[in-house]
Amino acid sequence: MRARLLLPLIFVSTVLLAGNMTMLSVTAPIISADLGATPTATTWMVLGYLLVTATMTVAMGQLSDLWDPRRLFLVGLVGFAAGSVLLALVSGPWWFVGVRTAQGLSAAVIIATAATIIVRAFPGPRLAGAMGIYLGGYAAAQVVAPPLGGVVADTVGWRWMFVGSAVIAVAACLTAPSVLRTVPATASEGGRFDLVGNLVFVVGTGALLLAATAARESGWGDPGVLTLLAVTVVSLPLLWLVETRAPWPVIDVGLLRDREFVLAVAAGGLVAVPRVVPTVVLAVLLQGRYGVTATAASVMVLALAAGVLVGSLGAGRVAARHGVPRVLRGSVGLALGAAVIVLVAFVGFDPLGSSGRVVGSLALAVLGLATGAYSAANGAQILATAPQSRAGSVNALRTTAQSAAIAVGTAVLLSLLGAGLGAEAAAAFFSGEASALDPGALAVLDRNAAVTLGALVATALVAVVLTLMLPAREGD
């Protein structure tokens with residue numbers, strides 16, 4: 001009975017983490033106004049958590065390989081619960097930023113250890129289904145958290161969002177010890193934490209994510225953005241040099257020489273872009289070009305997240321019947337077709353008209369279904385190629401690659417969307433003030449929308465090519 005509760009525990013934990021990310025994207029202005037935050041503090045309310053989670057997941061993945069992942073998972077849950085309680089009580093904006101950033105470390109612990117636990121508890125054919133539930137938690141949060149967070153913040157106050165998170169986290173903490181006893185606890189023998197490698201990785205990854213974030217407002221040619229990108233480029237050969245000499249590297253260089261592994265990680269990162277980024281890009285387009293409210297725009301793109309949820313949860317059953325390679329090839333081809341239809345729906349139709357809404361919603365749902373199934377099967381494929389003793393590190397690398405792809409993809413597509421607009425028109429567009437745009441600016445936006453969604457199609461096409469380069473049958 002306890003073993004059956006393991007996947008629900010993982011699912012609830014991932015919903016909790018992802019929900020805290022997506023809720024704040026909607027409620028940050030409310031929290032900022034209540035705490036009297038400056039624009040800089042408001043930015044870091046969102047960015048601090050995401051930055052720490054993305055950069056520290058690999059380090060926490062190595063710790064989960066070296067130590068008992070069950071205990072680390074519980075530590076992460078306790079830390080997350082404590083952070084939620086403190087966030088409900090803070091009185092100043094920078095206190096909020098500090099607690100929120102620290103909570104990101106707890107999130108990184110849970111993300112990394114959950115994968116290690118899944119690999120040990122669900123080996124072989126059951127892994128794809130378990131990874132689907134792991135991923136499904138993120139999709140469920142995308143569907144539920146933004147509107148729920150908005151309703152809670154508007155009715156009883158934003159602090160109750162974190163009270164609710166704390167209650168769920170405490171319940172998970174109380175349940176976890178007995179459930180996790182069903183998971184084998186075997187740590188790697190003779191391993192040692194790769195401090196230098198992790199530091200180089202954090203600096204390089206952090207610089208890339210900061211550059212992608214800054215480029216949304218400053219542009220890719222900004223000196224600060226270029227400096228951050230230079231730091232990322234310099235860190236790559238340095239990381240390779242460090243890892244080839246480390247006795248227990250956080251990134252197994254041998255895996256990076258494995259063609260199948262590299263192709264799978266690259267394809268998974270590319271598919272993450274159409275799985276997540278359209279939610280942001282289309283919401284901005286609907287608000288800034290068509291004058292739709294933020295709530296209405298969020299509802300209009302919910303079909304994508306709903307599709308991801310169904311696809312990720314159903315991937316295991318399909319993979320068990322037809323094999324992971326077939327799921328990968330079928331779903332990535334379907335994703336490419338759906339991306340093309342999304343392009344047609346938002347460029348060839350009026351997105352606010354009845355035909356545009358129907359075609360757009362169906363295309364987004366199919367895109368989510370395909371990318372959700374692909375991501376679950378892709379995660380299972382990557383973890384199946386890695387030694388079980390390195391499952392935490394390998395999944396953390398996979399997760400970080402996807403986070404980087406999503407961050408860079410979002411920044412690039414938003415840059416394409418706003419390209420060629422004057423300063424005033426760009427400010428009005430990204431603020432959702434469609435009424436302030438003249439016909440010339442609207443014509444530029446219409447062209448940009450076609451280019452932006454065309455870039456999304458191109459991303460899916462490259463993912464198709466990489467997937468076709470992978471073995472066609474399991475065991476090839």
Side-chain angles (χ1 to χ4, degrees), residues 1-24 48-50 52-53 56-57 59-90 95-96 98-122 130-131 133-138 140-141 144-145 148-149 152 158-187 391-392 395-396 399:
M1 179 61 185
R2 290 175 180 173
R4 294 179 182 177
L5 295 176
L6 179 59
L7 284 179
L9 175 65
I10 297 294
F11 181 82
V12 169
S13 300
T14 54
V15 168
L16 191 64
L17 304 185
N20 270 262
M21 293 184 207
T22 54
M23 276 196 300
L24 210 66
Y49 179 94
L50 297 176
V52 171
T53 301
M56 293 303 295
T57 298
M60 297 303 104
Q62 186 175 42
L63 285 180
S64 74
D65 291 332
L66 298 175
W67 298 341
D68 187 346
R70 303 172 305 173
R71 293 183 180 180
L72 281 175
F73 183 84
L74 188 56
V75 168
L77 280 177
V78 171
F80 201 90
S84 296
V85 171
L86 291 175
L87 287 169
L89 299 174
V90 293
W95 280 107
F96 185 99
V99 175
R100 181 74 174 161
T101 302
Q103 192 181 44
L105 182 60
S106 296
V109 172
I110 296 171
I111 291 169
T113 53
T116 308
I117 290 169
I118 286 173
V119 170
R120 293 179 181 177
F122 302 97
M131 287 301 295
I133 292 175
Y134 173 66
L135 177 64
Y138 293 96
V144 176
L148 179 61
V152 171
W158 62 267
R159 295 179 187 274
W160 285 97
M161 297 189 317
F162 297 106
V163 172
S165 295
V167 170
I168 296 171
V170 169
C173 289
L174 295 175
T175 306
S178 61
V179 174
L180 293 174
R181 289 195 193 102
T182 63
V183 180
T186 55
N395 183 68
T399 302

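Everything numeric here is computed off the predicted structure, so don't read it as measured data. Just the heavy atoms: all of them, side chains too, but no hydrogens, waters or symmetry mates, feed the values below.
- Across all their heavy atoms, Ala107 and Leu17 have their closest contact at O-CD1, 3.7 Å.
- Just one of Phe80, Tyr134, Phe73 meets the side-chain contact (heavy atoms from CB on, under 4.5 Å) condition when paired with Ser13; it is Phe73.
- The distance from the OG1 atom of Thr14 to the CD1 atom of Ile110 is 9.5 Å, given to the nearest 0.5 Å.
- Residues Ala396 and Gly61 come closest through the heavy atom pair CB-CA, 4.2 Å.
- Here the straight-line distance linking atom CZ of Phe11 with atom CG of Leu16 works out to 12.0 Å at 0.5 Å rounding.
- One finds the CZ atom of Arg120 at 12.5 Å from the CD1 atom of Ile118 (value rounded to the nearest 0.5 Å).
- Smallest separation of non-hydrogen atoms from Arg100 and Asn20: NH2-O, 2.5 Å.
- Residues Val85 and Val170 form no side-chain contact, since every pair of their non-hydrogen atoms from C-beta on lies 4.5 Å or further apart.
- A distance-only check finds a donor-acceptor pair linking the side chain of Thr182 to the backbone of Val179 [under 3.5 Å].
- Of the possible donor and acceptor atoms, one in the side chain of Arg159 sits under 3.5 Å from a partner among the backbone N and O of Val90.
- Across Gly137 and Val15, no two heavy atoms sit closer than the pair O-CG2, 3.3 Å.
- To the nearest 0.5 Å, atom CZ of residue Phe162 and atom CG of residue Leu86 are 11.5 Å apart.
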Would Asp65 and Thr116 satisfy side-chain contact (heavy atoms from CB on, under 4.5 Å), going step by step from the backbone distance to the final call? CA-CA 7 Å; Asp65 291 332; Thr116 308; 4.1 Å; yes

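- The distance from the CE atom of Met60 to the CG atom of Leu72 is 8.0 Å, given to the nearest 0.5 Å.
- The distance from atom CG of Leu7 to atom CD1 of Ile133, rounded to the nearest 0.5 Å, is 4.0 Å.
- With a 4.5 Å cut-off on side-chain heavy atoms, Val109 and Leu77 do not count as touching.
- When all heavy atoms of Thr53 and Ala108 are compared, the pair lying nearest together is O-CB, 3.9 Å.
- Listed here is the closest heavy atom pair of Leu74 and Cys173: CD1-O, 3.8 Å.
- A donor-acceptor contact closer than 3.5 angstrom is absent between the side chains of Ser84 and Ser165.
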